[in-house]
*Asks:* 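I'd like to ask some things about the structure below.
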Number of protein chains: 4
Amino acid sequence: MRGAGKKSIPTLVKDPQLIARRREQIVQAAVDLFISKGFHKTTTREIAHSSGFSIGTLYEYIESKEDVLYLVCDHIHGELEKRMQEALVESQTGADTLRQAIRVFAHVMEQMDDQVLLIYQEIKSLPNEPMKYVLRREEAITEIFERILQKGIADGSLQVDPKDVKLMAQNIIILGEMWVFRRWALRKHYTLEEYIEAQTNLLLQRLTHHHS
Amino acid sequence: MRGAGKKSIPTLVKDPQLIARRREQIVQAAVDLFISKGFHKTTTREIAHSSGFSIGTLYEYIESKEDVLYLVCDHIHGELEKRMQEALVESQTGADTLRQAIRVFAHVMEQMDDQVLLIYQEIKSLPNEPMKYVLRREEAITEIFERILQKGIADGSLQVDPKDVKLMAQNIIILGEMWVFRRWALRKHYTLEEYIEAQTNLLLQRLTHHHS
Amino acid sequence: MRGAGKKSIPTLVKDPQLIARRREQIVQAAVDLFISKGFHKTTTREIAHSSGFSIGTLYEYIESKEDVLYLVCDHIHGELEKRMQEALVESQTGADTLRQAIRVFAHVMEQMDDQVLLIYQEIKSLPNEPMKYVLRREEAITEIFERILQKGIADGSLQVDPKDVKLMAQNIIILGEMWVFRRWALRKHYTLEEYIEAQTNLLLQRLTHHHS
Amino acid sequence: MRGAGKKSIPTLVKDPQLIARRREQIVQAAVDLFISKGFHKTTTREIAHSSGFSIGTLYEYIESKEDVLYLVCDHIHGELEKRMQEALVESQTGADTLRQAIRVFAHVMEQMDDQVLLIYQEIKSLPNEPMKYVLRREEAITEIFERILQKGIADGSLQVDPKDVKLMAQNIIILGEMWVFRRWALRKHYTLEEYIEAQTNLLLQRLTHHHS
DNA sequence: TATGAATGAGGATTCATTCAT
DNA sequence: CATGAATGAATCCTCATTCAT
């Protein structure tokens, strides 16, 4: 886990509250810019301007343009996790929880599609250590599904070989992200609800199938 | 389909054979550079140098740096299709053909992982028309699987509701590409063969399931 | 008159006083460079260097090299007008005013010969709108002479058919500019004073001629 | 007169007839290009292409791009002289000859306005020696008028102080060229014929005036 | 002679970052 | 803390000229 800890960006400013507020402004501005123009084609001047302050001030709160990308990626993951947490409710059985979690995840992906795409397309521009951290947060989301699967196994509502738990969790992530990546192809033929329905059936069919 | 036709890049050179040869050199050099440094951080001089000629010569065969990206994307898709074609053999049943096609596709993804990633990460840097063309080629690969599914339906070896054919095809693409996108997570737990096996079972179980 | 208004060049700098000062530096440097090497053979780096700052700073105050040419042309016309204004004194009669104005104009042309030549030789490198504006300023100078001629007609000191006023004014400009354009030929045979004397006589003879 | 002799451009080709023919092609193509785009913005490739042969062939007949400009200037002067010669007819008196010569010159200027402008705007791009030669040819045209004036003095039809002959000749050239340089202003108010009429009257009035 | 592919110096412009005020 | 002018390395692209075929 070396190097995967949250990176703290050095600052010239002392007041932590101010730092937090300013960085929020920066992220807010940068997310939109990165989405519409890409990381490389966005200038630091634009970021500063959209953030509402000068280029000099921007550099009081970051050390390099890449720091902004890092802040943005970190923020997006935070937002992802927050929305997942908010929408997830413990149900009776693990199977039901899973069913609902898949739905939630797919909807979150739909809402944040541009941002998810952004991370995938620009992550390579991050320096090594920050990149690892970002990938680590990605895994954290996978673990949400792993835990639900484990619970379903424990309460008997899901039949999964324990060694397949990780693959199942990955598959859930995958199907959610695919709604983002291949939207240009999928949306021609399915609504989000149809997609969730079809994919959930496919996934759970086996997991809940009772060989009589 | 307007505007999705193959773009032909203007040239200062007349000999078509020479153009083909030089552009091959360019693509060969650029693929590696783009993979290791990304499109934006690769300079035209580096491309020229790695191609084995001067910057002036490079610009005899392209009009802009973006043309190189287009050539690279086009080449990668060509390579993808070629490898798919080579490895696909018609089997007895549609179900068997599908099983084999999935395996082939996953292996091609494994071999060309960096290149597939490259397309996903840099496609947004293409101008509008070329981008459309590249996406069109992506769809062409999906259609390979659609045809196999149709065949399986026809010969009775696959039970799929015709309206789900597109989703199924997309799912196959998805699972192949996920081996690329999430390799950092998946490879910790599975070999490619295990992955193919597990995913194929998951997909085909329903399609071939006989409700007795 | 559409599009012939003064063009205001966009800037990255906010302080208007600084802009004015820096642009003055730019013009000062560029005039000399353009005169000795021509617009095309002068590099932006040379302009920046001679202006006393870096290439980056140059581009804080202009958007393109052509902007520099525009600034230069505008400055030259300003200087022309200023010197004309300074030297012009209202005399008793229109005829006397005219006589003096011709002398002044010829002297101004003599002093600014390189700059006048510069405008004639490089104006075609300006984009359309700025070119129109520059030509408009040229006309403004002609109008100075038109006004004097009108005055002479009014006070009876000049006999000119009103329809010839414009031609007369043009002729005055012409003879002044010719001292610039054909200096290589004229200076072999005349001093400026001789030239003024001869040309004034020629022009005014008719205008003041009393048909007895 | 050192250095003002006709420059002969070195060639890789032996056959003088071929050289003449090719250079004619070059000049024909270059004149149009230089007029519409200016010397600096015209590329040698364009010149070669418009001339009807390859860039390599172009360089068989010239040594540098500036040679083309020289050929063009030389050609224009030749054309000017030819047209003057063709149209000039000896009249009875020097005064009549002059009157007609002015008319001819003004018409030639009208016909060749773009080319005259071209010389004035691009001559500074010539190397030193060729420039001198071009200016020398300019003087040759002035001399045509000087000779006519001398003849008029000799036959008594013109009253000119011999020391003013050169200025008079220059003035004639000037008024012709001004129809070119200031056409944007003059054409608003006069036709060419009106202009010739007015200027001729102005010039000749004094020269032919009989102080009775 | 004619061709046209190859060359690379050179030029305009951008933009992340710094630092004096 | 905030500002924004200054910097200059870096980048894309052009084009006159050469030379092997």
Side-chain angles (χ1 to χ4, degrees), chain A residues 11-15 18-19 22 40-49 52-68, chain B residues 11-15 18-19 22 40-49 52-68, chain C residues 11-15 18-19 22 40-49 52-68, chain D residues 11-15 18-19 22 40-49 52-68:
Chain A
T11 284
L12 296 173
V13 178
K14 300 285 149 65
D15 179 357
L18 187 56
I19 295 174
R22 290 277 183 260
H40 282 102
K41 290 195 180 155
T42 301
T43 68
T44 52
R45 275 177 152 91
E46 286 172 311
I47 297 169
H49 182 77
F53 35 72
S54 71
I55 182 68
T57 303
L58 177 66
Y59 273 86
E60 300 269 319
Y61 297 94
I62 56 159
E63 284 199 309
S64 76
K65 195 185 170 190
E66 279 153 3
D67 285 347
V68 178
Chain B
T11 285
L12 294 176
V13 176
K14 294 176 175 173
D15 178 357
L18 188 55
I19 295 172
R22 290 280 182 259
H40 282 101
K41 291 200 180 151
T42 301
T43 69
T44 52
R45 281 191 145 77
E46 285 173 310
I47 297 169
H49 183 77
F53 35 70
S54 69
I55 181 69
T57 301
L58 176 66
Y59 276 88
E60 298 261 306
Y61 295 94
I62 56 159
E63 286 199 310
S64 74
K65 194 184 168 190
E66 278 156 3
D67 284 345
V68 178
Chain C
T11 286
L12 294 176
V13 175
K14 293 177 177 173
D15 179 357
L18 189 55
I19 295 173
R22 290 279 182 261
H40 283 101
K41 291 200 181 153
T42 301
T43 69
T44 52
R45 284 189 142 80
E46 285 173 310
I47 297 170
H49 183 77
F53 35 70
S54 70
I55 181 67
T57 301
L58 176 65
Y59 275 87
E60 298 261 306
Y61 295 94
I62 56 159
E63 284 199 309
S64 74
K65 193 184 169 189
E66 278 156 3
D67 284 345
V68 178
Chain D
T11 284
L12 296 173
V13 178
K14 299 285 148 64
D15 179 357
L18 187 55
I19 295 174
R22 290 279 183 259
H40 282 101
K41 290 196 181 156
T42 301
T43 68
T44 51
R45 275 179 151 91
E46 285 173 311
I47 297 169
H49 181 78
F53 36 71
S54 70
I55 181 69
T57 303
L58 177 66
Y59 274 86
E60 301 270 320
Y61 297 94
I62 56 159
E63 283 200 310
S64 76
K65 194 185 170 189
E66 279 153 2
D67 284 346
V68 178

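Note that the coordinates shown come from a computational prediction; the quantities given were computed from them, not determined experimentally. First the proteins, then the strands, lettered A, B, ... as listed; each starts at 1.
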*Asks:* Tell me whether the side-chain N/O atoms of B:Tyr61 come closer than 4.0 Å to OP1 or OP2 in E:dA5.
*Replies:* no
*Asks:* If you find the nucleotide of DNA chain F closest to D:His40 and the one closest to B:Ser64, which residue's nucleotide is nearer the 5' end?
*Replies:* B:Ser64
*Asks:* How close or far is atom P of F:dT21 from atom CG of B:Asp15, stated in whole angstroms?
*Replies:* 15 Å
*Asks:* Would you mind classifying the nucleic acid contact of B:Thr42 as base, sugar-phosphate or nothing, using non-hydrogen atoms under 4.0 angstrom?
*Replies:* sugar-phosphate
*Asks:* Could you check whether A:Glu66 pairs with B:Lys41 (Lys NZ or Arg NE/NH1/NH2 to Asp/Glu carboxylate O, under 4.0 Å)?
*Replies:* yes
*Asks:* Figure out the CG/C1' separation between B:Leu18 and E:dA6, and round it to whole Å.
*Replies:* 10 Å
*Asks:* Taking the side chain as every heavy atom from C-beta outward, state whether A:Thr44 and A:Tyr59 have any pair of such atoms under 4.5 Å apart.
*Replies:* yes
*Asks:* Quick check on DNA chain E: between D:Arg45 and A:Lys41, whose nearest nucleotide comes earlier from the 5' end?
*Replies:* D:Arg45
*Asks:* When the distance from NE2 of B:His49 to C1' of E:dT7 is rounded to whole Å, what number comes out?
*Replies:* 15 Å
*Asks:* Could you tell me how far apart B:Lys65 (NZ) and F:dC13 (P) are, to the nearest whole angstrom?
*Replies:* 8 Å
*Asks:* Please determine if a side-chain N or O atom of B:Arg22 lies less than 4.0 Å away from the OP1 or OP2 oxygen of E:dA5.
*Replies:* no
*Asks:* Atom CD1 of A:Ile62 and atom P of E:dT18: how far apart are they, to the nearest Å?
*Replies:* 10 Å
*Asks:* Could you grab the distance from atom NZ of A:Lys14 to atom CD1 of A:Ile19, nearest 0.5 Å is fine?
*Replies:* 9.5 Å
*Asks:* Atom CG of C:Leu12 and atom P of F:dT7: how far apart are they, to the nearest Å?
*Replies:* 14 Å
*Asks:* Look through every strand shown and name the nucleotide pairing with F:dT21 as Watson-Crick or G-U wobble, where both distances are under 3.5 Å.
*Replies:* E:dA2
*Asks:* Counting Watson-Crick and G-U wobble pairs only, both distances under 3.5 Å, name the nucleotide matched with E:dG8, or none.
*Replies:* F:dC15
*Asks:* With sequence neighbours excluded, what pairs up with B:His49 under the ring-ring contact (aromatic ring centres under 6.0 Å, His included) test?
*Replies:* none
*Asks:* Under a 4.0 Å heavy-atom cut-off, which of residues 52-60 of chain D touch DNA chain F?
*Replies:* D:Ile55, D:Tyr59
*Asks:* Between C:Ala48 and C:Leu58, what is the shortest heavy-atom contact and its length?
*Replies:* CB-CB, 4.0 Å
*Asks:* Given atom CD of A:Glu46 and atom P of E:dT14, what is their separation to the nearest angstrom?
*Replies:* 12 Å
*Asks:* Does D:Glu60 have any salt bridge (charged side-chain N to carboxylate O under 4.0 Å, His left out) partners at least two apart in sequence or in another chain, and if so, which?
*Replies:* none
*Asks:* If I compare all heavy atoms of B:Asp67 with all of B:Glu63, which pair ends up nearest, and what's the gap?
*Replies:* OD2-N, 2.9 Å
*Asks:* Out of E:dA12, E:dA16, E:dG4, which nucleotide sits closest to the side chain of A:Thr43?
*Replies:* E:dA16
